[in-house]
Amino acid sequence: MELGSEEGLGISSEDYDSLIATTDVELLKRAWRNEKASPEILQFQTSLVQRSREQIQLMEDTVEEFPKNCTDPLTVSLYQMDLDRMLFVLRSYLRTRLQKIEKYFIHISKSDLWNRLSDQEQKFAKKCTDYMEKHLQRSVLSHLPYGYQSILRQSISSEEDDMVPEPRLDTFVFCKSKGSVGAFQLDDSGDEIVDLVADDLYVLRYKSIKSLVESGQIDLV
Amino acid sequence: MAGQSDPHLSLFSAAEVEFLAEDEMVEIVPNMKMDALNFICGDYGPFYPQLTTEVPLWLAVALKKRGKCTVRLPQWMSVEKLTQVLEAERDSPREFQPLPFHYVEISRLMFDHARDDIPDMYMVRSLIEDIRNVRFHKVETGLETISARTHAVKLKNLSAMEVNIVRPFVVRTLQAFYKHDSPQMIQHPDGTANRQPQVADRGPRRDLRRR
């Protein structure tokens with residue numbers, strides 16, 4: 001986050017402090033919630049996931065050492081609980097993304113959403129596409145008359161790929177603002193304006209707040 | 001995996017919302033001595049008998065289950081405070097009173113695991129239930145006012161569990177209105193200018209072609 005752009009983004013120094021003080025656990029939970037609540041796949045949190053993995057690894061080693069140091073069983077079980085909670089969030093985050101990839105792999109691989117995937121996710125998406133194409137070719141498409149054999153188009157007369165499932169960006173989501181976001185337009189015509197102050201809770205169209213979610217100014221709940 | 005919600009029905013399962021609530025901080029009074037705990041989620045303790053300290057709710061519940069502490073009732077959960085909230089909740093038909101975002105889950109966990117630490121347990125419980133009912137009634141009446149012109153619904157102070165419960169209804173209602181308001185569905189005699197951009201918004205139609 002650039003300090004220079006503070007005013008433009010409406011971030012006060014107070015918010016900035018809380019941003020710094022936020023732990024990786026909080027960040028990961030936020031990423032998990034947003035990922036679960038948003039209809040499309042969001043940017044993969046590469047460094048955050050990396051850091052979380054390292055912390056988990058470190059903690060696993062520590063917990064393993066405990067019995068040797070004669071730490072009392074209560075303490076060990078509490079550390080284990082903390083570890084399990086962290087593992088749950090990380091796994092659920094990755095799983096949620098995989099579910100989205102399985103659902104929209106064609107759409108994702110055709111659009112710039114592709115860059116939001118991690119390397120492993122890209123591999124996964126490629127394999128998904130391959131297997132699905134092969135399967136559909138063999139079981140259905142090869143038995144259809146000429147002109148109807150595309151996996152992407154309903155028929156040869158379609159002008160565009162009209163059989164690719166896409167996430168519904170015009171769906172409604174619940175969102176909560178962290179700081180004051182200020183007034184912003186809800187639709188292109190500009191006749192609907194919402195003034196988001198701190199801690200407001202709104203149901204809005206995902207499309208209209210997409211950029212605010214991506215920049216981390218509001219959270220989906 | 002247990003607790004993993006079905007993405008098609010609702011986004012978060014009740015267990016997942018409770019999981020998030022377990023990270024809220026509460027005060028406990030330990031009855032034993034224990035070194036500080038340096039968790040991934042933060043450092044807590046050291047713990048000394050009779051010395052109040054702040055820990056996340058999940059840790060409080062874990063210690064409480066083993067008889068290692070008493071949990072301090074959060075201030076907002078006192079009979080006095082809850083009575084005020086309930087009254088205010090009844091007096092303002094259009095607004096929700098500020099309560100902790102996870103008030104339903106926190107109180108549930110307190111009732112389940114720390115009932116002996118809550119004076120006037122039954123009073124507190126019935127007050128929370130009343131507050132929930134009044135608030136849900138408001139959400140329901142609010143749903144009736146949703147119309148085709150609704151682009152945004154403001155639900156300031158609605159709590160996490162409440163959001164999770166009303167989500168399917170609100171989202172489906174809004175989507176239905178949005179869909180039926182679409183110029184593709186109805187012919188507007190006055191094809192006003194401000195409707196045009198919405199069409200563009202909606203992406204390509206995917207009708208099955210007939211031959």
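Chain identifiers are assigned alphabetically (A, B, ...) following the order of the sequence lines, protein sequences preceding nucleic acid strands; residue numbering begins at 1 within each chain. Fair warning: this is a prediction, and the values are worked out from it, not measured in the lab.
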Where on A:Leu58 is there a heavy atom nearer than 4.5 Å to chain B: the side chain, the backbone, both, or neither? neither
Which bit of B:Phe19 is near chain A, if near means a heavy-atom gap under 4.5 Å: side chain, backbone, both or neither? both
Between A:Phe172 and B:Val171, what is the shortest heavy-atom contact and its length? O-CG2, 3.5 Å
State whether the number of non-hydrogen atoms from other residues, nucleotides or ligands found under 6.0 Å of B:Phe136 atom CZ is greater than 12. yes
Contact listing (chain B partner; residues 39-48 of chain A; heavy atom under 4.5 Å): none
Does CZ in B:Phe111 sit with more than 12 non-hydrogen atoms of other residues, nucleotides or ligands closer than 6.0 Å? yes
Among A:Val194, A:Leu204, A:Leu74, A:Thr75, the residue with the most heavy-atom pairs under 4.5 Å to chain B is A:Leu74
Grab the two heavy atoms, one from A:Phe174 and one from B:Val163, that are nearest each other, plus how far apart they are. CD2-CG1, 3.6 Å
Flag the pair B:Trp58 / A:Asp82 as yes when at least one side-chain heavy-atom distance between them is below 4.5 Å, and no otherwise. yes
Do other residues, nucleotides or ligands put more than 12 heavy atoms under 6.0 Å from A:Arg153 CZ? yes
Side chain proximity check, A:Val203 to B:Lys154, heavy atoms < 4.5 angstrom: no
Spell out the residues in residues 39-46 of chain B that have some non-hydrogen atom less than 4.5 Å away from a non-hydrogen atom of chain A, in order of number; otherwise answer 'none'. B:Phe39, B:Ile40, B:Cys41
When only pairs under 4.5 Å are counted, which of A:Lys176, A:Arg85, A:Met81 shares the most heavy-atom pairs with chain B? A:Arg85
The reported gap from CG in B:Asn157 to CG in A:Leu201 (rounded to nearest 0.5 angstrom) is 8.5 Å
Per-residue contact mode, B:Asn38 against chain A (heavy atom under 4.5 angstrom): both
Is a side-chain donor or acceptor of B:Arg167 paired with a backbone partner of A:Val221 at a separation under 3.5 angstrom? yes
Among B:Leu158, B:Val170, B:Leu20, which residue has the highest count of heavy-atom pairs closer than 4.5 Å to chain A? B:Leu20
Short N-O contact, B:Lys156 and A:Asp199, less than 4.0 angstrom: no
Is A:Lys100 close to chain B through its backbone or its side chain, or both, or neither, when contacts mean heavy atoms under 4.5 Å? neither
Residue pair A:Lys29, B:Asp23: steps toward the side-chain contact (heavy atoms from CB on, under 4.5 Å) verdict: CA-CA 11 Å; A:Lys29 267 199 305 189; B:Asp23 284 325; 2.6 Å; yes
Can you establish whether the number of heavy atoms outside B:Glu95 located under 6.0 Å from its atom CD is more than 12? no
Checking A:Leu78 against B:Leu63 for the side-chain contact (heavy atoms from CB on, under 4.5 Å) test, could you report, in this order, the C-alpha distance in whole Å, the side-chain angles of both residues, the deciding distance, and whether it holds? CA-CA 9 Å; A:Leu78 293 177; B:Leu63 290 172; 4.0 Å; yes
Contact check, side chains of A:Asp170 and B:Gln175, non-hydrogen atoms, under 4.5 Å: no
In short, A:Ala37 meets B:Leu11 closest at the heavy-atom pair CA-CD1, 3.7 Å
Select one option (side chain, backbone, both, neither) describing which atoms of A:Ser77 are under 4.5 Å from chain B's heavy atoms. side chain
With a sphere of 6.0 Å drawn around CZ of B:Arg72, does it hold more than 12 non-hydrogen atoms of other residues, nucleotides or ligands? no
State, to 0.1 Å, how close A:Tyr202 and B:Ala152 come at their nearest heavy-atom pair, and which atoms those are. CD2-CB, 4.2 Å
